[in-house]
Structures are given as structure tokens and as C-alpha cells.
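We count residues from 1, following the sequence as given. Both backbone and side-chain heavy atoms feed into the values below; hydrogens, waters and symmetry mates do not.
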Amino acid sequence: MKIKRYKYTFAALLILGAVSIGAGVSPVQAKSDDNPYDERVYCVGSVSKSYVATCVMQLVDQGKVELDAPVTEYIPEFTMADERYKDITVRMLMNHTSGIMGSTYSNESLYEDYDENYKDAVLANLSGQVLKAAPGEYSAYCNDGFTLLEIIVENVSGMSFTDYMDENISKKLDLEHTGTPVNMMNDPLDVEIYKYGNTLNDNEYCNAIGSGGVKATASEVARFGSTFFTGDNTLLTEASKNEMATRWNEDGENTNVYQQCNGLGWDMAEYISCEGGDVKVIGKDGDLSNQHACFMVAPDEKISVSVLSAGGDSAKNELLCRELMKIVLEDKGIKVETTSEDEIVFEDTVPEEYKNYEGYYYMSTMGGSEVVYISFEDDSLYMDHVYKDTDEKTQFKYADGGFVKVDKDGSVSLDKEILRFEEKNGNIYIKADVSYDYYGLGTENMSIYAAEKLEDNKVSEDVLSDWMQMNEKTFVLYGDSYSSTNYESPFMGFSMNEEIPGYVRFGEPGTLGSTLKISNNTEAHFFTSIESIANRDLDNITITRDTKKDGTEMTIIDSETDKKYCMIDELPVFDSNVDEVKLVTNEASWYKISDDIAGKSMAIERPENSNIYVYNQFYEVVYSTHMKNASDNIPLPEGGYIVFLGETGDTVTLQ
């Protein structure tokens, strides 16, 4: 039996007058003088955004940065292929309203490695991008904006971001286990990473430090959170803390709750479930592939809580964080009531005007992104899932201007979802109120602009023919560093649907992926303008024929997230005649395992800066040199694939 190992560290830090209480739990690490709480160091993922935002706000307090000044004032080398980039301000980077496409994922996270050139790669990537929206128009999560904030800190302070944070956060708070991959690579307290059941794996380090690369223990994250308590000016003035904790679109009762509630560096400038107790709670969560985080602060009540984990995800951490916050609030005599729900009364018929909303929609909620077809009949909305291999429709019954998800017996679904339509800016959108139940942990609630109606995209027969040649084809990542974590899931697939011929789906096999609008014979672009996190990480792709550095000519997909893929149908065959593989920097050497050696194994000799992955016919990892104590005897599964990664001039020898 395989045992899944998940490590969680919980820390609640309370400041009540002069009393300070901290707690930490870990089943692995022994106590020591410098680690009194049995804690481990985790990468806190996007919680790092609160750290870089704090650094910027310190510079604001010092009069060295103006929130509403253009980013180009502090990063002269920042350019984009869209003149509107000159209107992006520092504030817009921090509240995700910059309009920048999203994330540069190529080489963002590396195993046991750090690349100091990542920031330059982001600037180069952005220089060829257009904006997805006018700066300031709406808030949609954007990692690259926080890499720009990291650069602002460096350019203005004259220090590296790591040194600046160490001097102006860690030392001021006596944080001994908070830093970045630059000064905490292979820290003795690093949490172990288990993957593929019970296999100990190399640790991951995030190059996008300001966006997701800060490392810390749970108690030190909570200590950092305590500096946002009302009256604590250790790091920031009250004015700056208030700026950070104000929702970007705050407008009293007229605030649009279906837009994001981002502050400056906070995901949650308000935490709705705590409003019943008239408690202001701010928070941030984050994810890497294998490490996850959430922390919350109640400034007036002087409570800071953090939950870090290896395994799970930030949604579960947020639920645990929320429950810890409630416990401490109740200890202080503050009862946080669960919001009562109005009784749902279904109506007999759907009003006739909703017929105008029938059609295809690009939709993104907790279940992922997909294309759906919406129709109306009698008292219900029916949702067909276009790219899913199912004929079943999801049913929503009409009630009080909205459509409530129901089970097959007509009762309200446990994972409740209510959809409402809105016409805006010439488009039709769907707003969703969603509740997802994590059994035994609690319920996550979300209000979001979730979908946008697709317009007909008529393309010529020759354009459609070219794209149909790519239908059901699979591509594989080849342009990342030898240590990139992206090789854990490198396969991407195309698919088209005759119902919506002007669009193409591009995503990992078995996932819903993203939907792009075909522009011409070789290009497909993003098209949505959904005013929420549903519009994060948009992409454009181009299909070309290209010659790799090793001389192989292949069909290539070039994406604006700076990833490159080649078609697996064109991969060379790996058979008994291959006795060595010459490595190339930032260019994977892929092979399809031949039938004549399938089921066998081989021994290897490889240089230090190299890695090897083996995948089965279902694109699952069955072997990786990132597995601790991995054997030098490599399995060769039937119908599988093998990739060799390394640096130019090195060679892997095979037996």
C-alpha cells in the first residue's frame, strides 16, 4: 500500500498586550535551539507577493516610490508591444489591474537550482506582448506584475531583492528562517517533498521571488503578519498598511463583489465570512507544484495565522487558516456567525428573455476552464460540456433571477452554484456564486465573473484545414532548463470541435485547458475580457516549422508564456542503437521508446547538471532522476517516452 505523506505546519501568533504565543507542529524535524517549534522551511508561493508589496510600500513611506507613478519611471527597460503599457502604474502591479497577460512560466521553478537571469527573461517576454485589458480596467491575477515589483525594489534601493528583504524585513523582525533561494538554497530545515506516492523528491525553488519564491517557517510568516496589526509600525506606516488593505474597487455598497477583492499584495482585502462579527480580515495564499501556503491577519484584533504545507493545496490551507482564525476570535469573545442563506423557491418557467443568452461560453470556475453550451427549457438552464467526453448535461433550475445547480433528483447540489447573466460592454457574461465543500474541512465560497459568451469566429476553409491537421495532436515541452519543474507535466494537446470551428483547445491531456480563437493559418489568440481571476494567465500561440539546435526540424508551438513545444509524432525513436545522447542547454532531447526495447531497462552515466525523465503511454512520470536515491537502471515502458536534459557540451552515455 502506498502512503501519501503530507506535511503541515500550523502557526498562530497572538499579540494581546505584552503576551505572545506561538505554536508549530512537524512530525519530522527534531527540536533544536534555533528551531524551538519543530518547524520546517517551506516556499510560501504567492504569499511572497505580500512581502514584495511590503518592500515597495516601505519605499513609498520613504518618498522614493509613488504608487500612481508609471512603472517605466522605475524600470526604464520595461517595454511592451502595446503603447498602453506606459499607463501602467506601481499600484496597478500590486492590485493586479495592470492588464498584463499573466505569467512567464518557462523556468519559473527549478529543482535544486536557481536562475538569476529569470527577471531578464520576464522583461524580454513582456517586450513582445500586448495587454489583455486597458491598465486599471479590472483586476485579474498576474504573476509577472510582481516580478516587475521585485525589479522596482532593486532599481530604487540599489540592493538585490534578497538583500533588501533581509535588511528591511527579516532583521527588523528577528526572522532567522525567512529568505529566498539566493540565501536559503538547500536550507537544513527545508521540508521534504514526497511525490508519486512515497518517493522522496528533490526540492523546488521559485525563480520568480517577488511573485512566489520567498521561503519561511509558518511561525515566521505569522510573525511577519503581526506587523500589519493596528498600531505596529515596525515595517510600515498606518497609511501604507491601510492602502494595502483597501479593496482595489472599494465603493461602499456599490462595490462589485463579482470582481476580485484584491488589495495591494493581498488576495483578500476583505474576508466575507468574518464580516458577520464585524471583523476586518485580510489574507493571501499561494501554491507551487508541491508546497502551499495561506496566512490571514485580523489587524484590529491583533491575530495573525499561517498554514504551510507540502502536499494538498492552498484552498485546504485557507480553510484551516480560517478555522484557526475563528477559534482565536471566539477565544476573544467574538463570535463569527455563518451567513444564513435565503430559502430557494424554484419557479415554473424561465422568462422568455433568457432565450437571447443561449449559445457557447468560455467558462472558468473551481472546476477549471472549459467551453459550455447553454440552453433553456421549461424551468431550467442546461449546460453541455463541449470538450468533455460525456453526453450528460448539468441542470440549473430558475429561481429569483438566477439559476441554481441541481442534482438528478432536482434537489440543490451540495456543491452549490448559482448563475446570473449580465450584459456589459457589448458582451454577455455569467456571474457565479459558488460553494465547494471540502468534506471534513469546510466550505469554500466564491463570487466571480465566471464566463463570457463566444462570438462566431468564421475562418476560411484553408485556415480551418491547416488547424484540423493539428486536431488531436500532442506536443511536448522542449525549451526549458534541465532543472525545470515543468518537465513533470510537459505534454500538451490540441483539440477542435465541429460545433465551434473557429476555436481550438490547448491544454494538458486529460484537462480542460484553455480555449483560443483562431486568427489565421498559424496563430490563435486569447479573446476573453472576463473581469476576474478567470482571465488570468492568458496566452497566444503560433505554430511554425523550426530547426532545433541539434539540427532536427520539427513542428513547433511557440507560446507567449515563453514555453516551446514540439510534436510527439515527429520525435526520434529510442532503440538499442542509441548509445549516447549529446545534451543542449535549454533544449530537451526527446525520444519515443521503441517496441523492440520496451519492457527492458538500461544503465546510464550522466554529468552533474543533467536530468532524465521517463513517461508511460499515458504521459505519467514513471522515473525521474529528481527522485532521491533514484536507480541508475532506467525502466523503458511500452509506448512510453524518455527525455534527456542538460547543458551544451555534456553527454549521457547509455548501456
Can you check whether [Y]'s main-chain N or O pairs, donor with acceptor, with [X]'s side chain at less than 3.5 Å?
X	Y	result
Ser98	Ile100	yes
Asp456	Lys458	no
Asp287	Ser314	yes
Asn207	Asn107	yes
Asn471	Met496	yes
Asn486	Ser489	no
Asp384	Val386	no
Glu150	Gly210	yes
Gln259	Asn249	no

Does a donor on one side chain sit under 3.5 Å from an acceptor on the other, for [X] and [Y]?
X	Y	answer
Asp462	Ser460	yes
Ser519	His525	yes
Tyr436	Asn445	no
Tyr429	Asn427	yes
Ser483	Ser481	yes
Tyr141	Ser46	yes
Ser211	Lys49	yes
Arg545	Thr555	yes
Asp415	Ser413	no
Ser495	Tyr387	no

What residue pairs, at least two apart or across chains, pass salt bridge (Lys or Arg N to Asp or Glu O under 4.0 Å) with a residue in residues 71-100?
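Listed once each, the pairs are Asp68-Arg91, Asp82-Arg84, Glu83-Lys86, Arg91-Glu243.
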Which residue pairs satisfy the salt bridge (Lys or Arg N to Asp or Glu O under 4.0 Å) criterion with at least one member in residues 96-108, sequence neighbours excluded?
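Matches after skipping sequence neighbours: none remain.
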Report the residue from Leu149, Val90, Leu67 that forms a side-chain contact (heavy atoms from CB on, under 4.5 Å) with Leu264.
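Among the candidates, only Leu67 passes.
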Rounded distance [0.5 Å steps], [atom1] in [X] versus [atom2] in [Y]:
X	Y	atom1	atom2	value
Ile530	Tyr361	CD1	OH	11.5 Å
Trp266	Lys284	CH2	NZ	10.0 Å
Glu204	Ser484	CD	OG	11.0 Å
Ser514	Phe526	OG	CZ	12.0 Å
Asn457	Lys517	CG	NZ	5.0 Å
Ile75	Leu123	CD1	CG	6.5 Å

Could you please spell out the steps behind the side chain to side chain contact (heavy atoms under 4.5 Å, CB included) verdict for Arg536 and Asn143?
CA-CA 9 Å; Arg536 69 171 288 177; Asn143 284 317; 3.5 Å; yes
Tell me whether Glu587 is salt-bridged to Lys564, with the criterion being a basic N under 4.0 Å from an acidic carboxylate O.
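Salt bridge flag = no for Lys564 with Glu587.
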With the threshold set at 4.0 Å, does a side-chain nitrogen-carboxylate oxygen contact exist between Lys416 and Asp433?
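Looking at Lys416 and Asp433, the cut-off is not met.
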[X]: side-chain hydrogen bond (donor to acceptor under 3.5 Å, both in side chains) partners, not counting sequence neighbours:
X	value
Asn262	Ser139
Asp537	Ser103, Tyr105
Glu422	Lys431, Tyr449
Asp569	Lys473

Let me have the donor-acceptor pairs involving side chains of residues 347-354, under 3.5 Å, with sequence neighbours excluded, atom names and distances please.
from, atom 1, to, atom 2, distance (Å)
Glu347, OE2, Asp400, N, 3.2
Tyr354, OH, Gly401, O, 3.4

Relative to each other, are the rings of Phe644 and Tyr591 parallel, tilted or perpendicular (30° and 60° limits)?
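The rings of Phe644 and Tyr591 stand perpendicular, inter-plane angle above 60°.
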Parallel, tilted or perpendicular: ring planes of Phe403 versus Phe421, cut at 30 and 60 degrees
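If you compare the ring of Phe403 with that of Phe421, the planes turn out perpendicular.
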Taking only residues two or more places apart in sequence or in another chain, which ones pass salt bridge (Lys or Arg N to Asp or Glu O under 4.0 Å) with Glu392?
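With neighbours one apart ignored, the set is Lys408.
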Using the test salt bridge (Lys or Arg N to Asp or Glu O under 4.0 Å), find all partners of Lys592 that sit at least two apart in sequence or belong to another chain.
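Not a single residue meets the salt bridge (Lys or Arg N to Asp or Glu O under 4.0 Å) criterion with Lys592.
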Could you walk me through whether Glu523 and Ile541 pass the side chain to side chain contact (heavy atoms under 4.5 Å, CB included) test, one step at a time?
CA-CA 6 Å; Glu523 296 179 331; Ile541 60 173; over 6 Å; no
Please evaluate residues Val614 and Ile593 with respect to the criterion side chain to side chain contact (heavy atoms under 4.5 Å, CB included), reporting the C-alpha separation (whole Å), side-chain torsions for both, the decisive distance (0.1 Å), and the verdict.
CA-CA 9 Å; Val614 179; Ile593 297 171; 4.3 Å; yes
Do you know which two heavy atoms are closest between Ala53 and Gly265, and how far apart they sit?
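Taking Ala53 first and Gly265 second, the nearest heavy atoms are CB-CA, 3.8 Å.
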Please find the pair of heavy atoms, one from Gly402 and one from Ile418, that lie closest to each other, and give the distance.
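That would be CA-CG2, 4.5 Å.
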What do the steps show when you test Leu93 against Ile152 for side chain to side chain contact (heavy atoms under 4.5 Å, CB included), and what is the final call?
CA-CA 11 Å; Leu93 297 180; Ile152 288 174; 4.1 Å; yes
May I have all residue pairs that pass side chain to side chain donor-acceptor pair (under 3.5 Å) and include part of residues 122-137, sequence neighbours excluded?
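For residues 122-137: Thr104-Asn125.
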Could you pull out all donor-acceptor pairs under 3.5 Å where a side-chain atom in residues 370-378 meets a protein atom, sequence neighbours excluded?
from, atom 1, to, atom 2, distance (Å)
Glu370, OE1, His385, ND1, 2.9
Glu370, OE2, His385, ND1, 3.2

Step by step, work out the side-chain hydrogen bond (donor to acceptor under 3.5 Å, both in side chains) result for Thr542 and Asp558.
CA-CA 5 Å; Thr542 302; Asp558 203 342; over 6 Å; no
Under the ring-ring contact (aromatic ring centres under 6.0 Å, His included) rule, what pairs show up with a residue in residues 476-499, not counting sequence neighbours?
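Listed once each, the pairs are Trp467-Phe494, Phe475-Phe494, Phe491-Trp590, Phe491-Tyr615, Phe491-Tyr619, Phe491-Tyr641, Phe494-Phe506.
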